[in-house]
Amino acid sequence: MKPTKLYDALHALIGERVPLHIWGACGVGKSQIVNQVADDLGYEFLDVRAVQLDPVDLRGLPSIAADQTSGSHPGSCPPLAKAYSFSIS
């Protein structure tokens with residue numbers, strides 16, 4: 001798909017809340033196009049490259065309280081419910 005078609009498709013699909021997966025070679029501009037569309041639509045764009053992270057980076061360090069284990073959310077990453085995009089390269 002050409003970049004202009006991807007740009008138009010993202011505008012249409014995001015408005016309909018359709019999940020999608022963008023795949024392509026490194027360095028062709030996938031993240032930049034998603035960032036442009038997010039900016040156009042007034043969304044915050046968060047580029048998280050999962051292959052460069054450890055599970056602790058997203059879940060936080062484990063902590064025990066009241067006999068239950070939970071993750072203390074890391075300040076470097078917003079809660080997953082608020083994340084708009086995960087880019088896997």
Side-chain angles (χ1 to χ4, degrees):
M1 181 179 286
K2 292 184 178 184
T4 53
K5 290 203 180 257
L6 175 59
Y7 180 86
D8 293 338
L10 284 172
H11 270 280
L13 295 171
I14 289 173
E16 296 296 319
R17 300 182 56 84
V18 175
L20 58 117
H21 175 83
I22 301 169
W23 179 84
C26 295
V28 297
K30 299 178 300 290
S31 296
Q32 183 60 36
I33 293 169
V34 173
N35 189 18
Q36 287 175 347
V37 172
D39 190 51
D40 290 349
L41 299 175
Y43 288 110
E44 176 184 353
F45 177 72
L46 175 65
D47 188 354
V48 177
R49 297 178 186 262
V51 297
Q52 297 175 346
L53 299 175
D54 204 55
V56 170
D57 294 332
L58 295 175
R59 287 187 301 220
L61 295 172
S63 61
I64 300 172
D67 294 331
Q68 289 198 348
T69 303
S70 63
S72 57
H73 195 271
S76 61
C77 184
L80 292 178
K82 292 185 179 180
Y84 299 112
S85 174
F86 282 88
S87 178
I88 301 173
S89 304

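Not measured: the values here are computed from a predicted model.
- In this structure D40 satisfies the side chain to side chain donor-acceptor pair (under 3.5 Å) test together with Y7, H11, sequence neighbours excluded.
- Here the side chains of D47 and N35 are not in contact, with every heavy-atom distance at 4.5 Å or above.
- Using a distance-only test at 3.5 Å, with no hydrogens or angles considered, no donor-acceptor pair links the side chain of K30 to the main chain of I22.
- Under the 4.5 Å side-chain contact rule for hydrophobic residues, V28 and M1 do not share a cluster.
- The hydrophobic cluster containing V18 does not contain W23, counting ILVMFWY residues as joined when their side-chain heavy atoms lie under 4.5 angstrom apart, directly or transitively.
- Taken together through direct or relayed side-chain contacts under 4.5 Å among Ile, Leu, Val, Met, Phe, Trp and Tyr, L6 and Y43 form part of one hydrophobic cluster.
- Contact record, A38 with F45: CB-CB, 4.0 Å, taken as the closest heavy-atom pair.
- Rounded to the nearest 0.5 Å, atoms CG (L41) and CG (L10) are 9.0 Å apart.
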